[in-house]
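Computation of the quantities below employed the complete heavy-atom set of this structure, encompassing side-chain atoms and omitting hydrogens, waters and symmetry-equivalent molecules. We name chains A, B, ... by the order of the sequence lines, and we start the count at 1 in each one. No experiment lies behind these values; they were computed from the predicted model shown.
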Number of protein chains: 2
Amino acid sequence: MTKASNTRHTILQKAFDLIYKKGYQTTSIDEIIATTEVTKGAFYYHFKTKDEMGIAIINEIVKPTMQDAFIFPLQNASSPLEEIYRMTESLLFDTPFLKLEYGCPASNLTQEMTPWNEAFAQALNELILEWQTTIEKAIQKEIENGTVRSDINPKQVAYFVMSSYWGIRNFGKAYNDTDCYHAYLKELKQYLDQLK
Amino acid sequence: MTKASNTRHTILQKAFDLIYKKGYQTTSIDEIIATTEVTKGAFYYHFKTKDEMGIAIINEIVKPTMQDAFIFPLQNASSPLEEIYRMTESLLFDTPFLKLEYGCPASNLTQEMTPWNEAFAQALNELILEWQTTIEKAIQKEIENGTVRSDINPKQVAYFVMSSYWGIRNFGKAYNDTDCYHAYLKELKQYLDQLK
DNA sequence: ATAAAAACATACTAGTTAGTATGTTTTAAA
DNA sequence: TTTAAAACATACTAACTAGTATGTTTTTAT
């Protein structure tokens, strides 16, 4: 990695941290360059606007991280249904960069930006769709294996799994307590088992 | 209603509309007083700070609306399980002040404010807890009636129902399309039926 | 080694923000 | 009808915002 591309990546990483904690709109460029110890000139050399940086965060930070955390593991899983549960549990409890009080980065950005920023909506849609498709295919695989009932609709299950995950992360934020995570996981297990 | 309390209520209502669409942080007081045609003097006579207005919106606008929309109907329902489905469907498709592209007001505010504003967190917690308790009691009632399996855990179901609702509203925002609502509702019905 | 481009640095600007200071008008009780 | 408080109006401020203008330094190809 060259020095310049390292600067760029540092900005994206530190900006992501701030935005994950505080939201996109309320994280100022002055704040970003203060914590990265990069000057404004450097910042605007790498990014034409704040929004361009925001999109880059989605594509270059959030997307690869998400792919490593739950796209690839699920694609390679021998028991996809079990993997969905295991992965959810791991995301809620063991993923170090995800914090109870800050929720899910993709969900946060969707909520904040999507209604009025087309470019953010586009970038986030690609992200979400990839996740969704992976879950759908995982369920489809189970059906073909005969390990999930044939009357189950993979698309519906994908929406249900993802929605409930997004929702429970918002609950975690609200209560700032992992109790709801435990209750959610128990019910998720029930739900997934009943698909068999 | 006196003229003064009418002014106050107008501010809260119009401010809610703006905040629901654009978020709390990015809705400025100047914008609120412009759309309400109220002066800054009037605004700051009724509310000491912007945050005080925000809390008032939760308690005086969001809370009563939510109680009318899904607390009271569920408390009085003869078939609570069916009512949960019917209500969710109605919230997604028929409730006029809720818009696909803007998500769920309570969820939006939770996501935006909770991590760093204690007063918002407190007000929203009360709101959410009331919703949660109502669903729990509804399931409990079904169990006592023998219309829901006795091994079902009402608390877990409440979390699952609410989380999935919050999540799917975020999906609606992301895709700006009701297709995901339809898929979600079908799966919600499956899930609820299986509790019987 | 040199020149040109890439990468970064500093100082500034115009617009916006929540909130205040200091008024005037309206309401309602005596 | 007077008077005091409630309700509102106007003009301002200090801090912050994204972005720019105009530089200097570093890197890289020749």
Side-chain angles (χ1 to χ4, degrees), chain A residues 1-58 60 109 112-113 115-120 123, chain B residues 1-58 60 108-109 112-113 115-121 123:
Chain A
M1 184 138 52
T2 68
K3 205 174 177 183
S5 79
N6 191 55
T7 303
R8 180 190 162 90
H9 193 262
T10 305
I11 294 172
L12 290 178
Q13 189 59 60
K14 292 267 184 184
F16 168 80
D17 290 346
L18 286 170
I19 290 166
Y20 176 40
K21 285 181 192 167
K22 315 198 331 148
Y24 177 80
Q25 312 266 9
T26 43
T27 300
S28 73
I29 290 169
D30 284 346
E31 212 174 343
I32 292 168
I33 65 177
T35 62
T36 50
E37 286 175 309
V38 151
T39 62
K40 198 160 260 194
F43 180 94
Y44 277 99
Y45 172 78
H46 287 285
F47 308 102
K48 241 168 111 168
T49 63
K50 187 187 177 185
D51 281 6
E52 191 178 298
M53 178 210 64
I55 305 296
I57 287 176
I58 295 171
E60 296 169 43
L109 283 170
E112 187 181 0
M113 306 304 288
W116 54 270
N117 190 308
E118 189 59 43
F120 272 79
Chain B
M1 181 137 54
T2 68
K3 205 174 177 182
S5 79
N6 190 56
T7 303
R8 181 190 161 89
H9 192 261
T10 304
I11 294 173
L12 289 177
Q13 188 60 58
K14 293 266 183 185
F16 168 80
D17 291 346
L18 287 170
I19 290 167
Y20 176 42
K21 284 181 193 165
K22 316 196 333 148
Y24 176 81
Q25 313 265 10
T26 44
T27 300
S28 72
I29 289 168
D30 284 346
E31 211 174 343
I32 291 167
I33 65 177
T35 62
T36 50
E37 286 176 310
V38 150
T39 62
K40 198 158 262 195
F43 180 93
Y44 277 98
Y45 172 77
H46 287 285
F47 308 102
K48 240 167 110 170
T49 63
K50 188 187 177 187
D51 281 6
E52 191 178 298
M53 179 210 63
I55 305 295
I57 287 176
I58 295 171
E60 295 168 43
N108 291 359
L109 283 170
E112 189 182 358
M113 306 304 289
W116 52 273
N117 189 309
E118 189 59 43
F120 272 78

Please report the shortest heavy-atom distance between [X] and [Y], naming the atom on each side.
X         : Y         : answer
Pro115(A) : Lys21(B)  : CB-O, 4.4 Å
Asp51(A)  : Asn117(A) : OD2-ND2, 3.0 Å
Thr36(A)  : Ile32(A)  : OG1-O, 2.7 Å

Separation of [X] atom [atom1] from [N] atom [atom2], in whole Å?
X        : N       : atom1 : atom2 : result
Glu52(B) : dA18(C) : CD    : P     : 15 Å
Ile29(A) : dG19(D) : CD1   : P     : 5 Å
Asp30(A) : dT17(C) : CG    : C1'   : 14 Å
Glu31(A) : dT17(C) : CD    : P     : 18 Å
Ile33(A) : dT17(D) : CD1   : P     : 11 Å
Glu37(A) : dA9(C)  : CD    : C1'   : 14 Å

Using the test side-chain hydrogen bond (donor to acceptor under 3.5 Å, both in side chains), find all partners of Lys14(B) that sit at least two apart in sequence or belong to another chain. none

Considering residues at least two apart in sequence or located in another chain, which fulfil the ring pair (Phe, Tyr, Trp, His ring centres under 6.0 Å) criterion with Phe43(A)?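 For Phe43(A) the ring pair (Phe, Tyr, Trp, His ring centres under 6.0 Å) partners, ignoring immediate neighbours, are Phe47(A).
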
Contacts of Tyr24(B) that satisfy ring pair (Phe, Tyr, Trp, His ring centres under 6.0 Å) - sequence neighbours left out: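 Testing Tyr24(B) for ring pair (Phe, Tyr, Trp, His ring centres under 6.0 Å), a comparison that skips the adjacent residues, returns Phe120(B).
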
Per the under-4.0 Å heavy-atom filter, residues of residues 40-50 of chain B near DNA chain D come out as Lys40(B), Gly41(B), Ala42(B), Tyr45(B), His46(B)

Contact list for DNA chain D against residues 11-26 of chain A - heavy-atom distance below 4.0 Å: none

Those residues at least two apart in sequence (or on a different chain) that pass salt bridge (charged side-chain N to carboxylate O under 4.0 Å, His left out) with Asp30(A) are Lys40(A)

Using side-chain contact (heavy atoms from CB on, under 4.5 Å), reason through Ile57(A) and Ile19(A) one step at a time and then give a plain yes or no. CA-CA 10 Å; Ile57(A) 287 176; Ile19(A) 290 166; 3.7 Å; yes

Within the structure shown, what part of the strands sits under 4.0 Å from Thr39(A) by heavy-atom distance: base, sugar-phosphate, or nothing? base

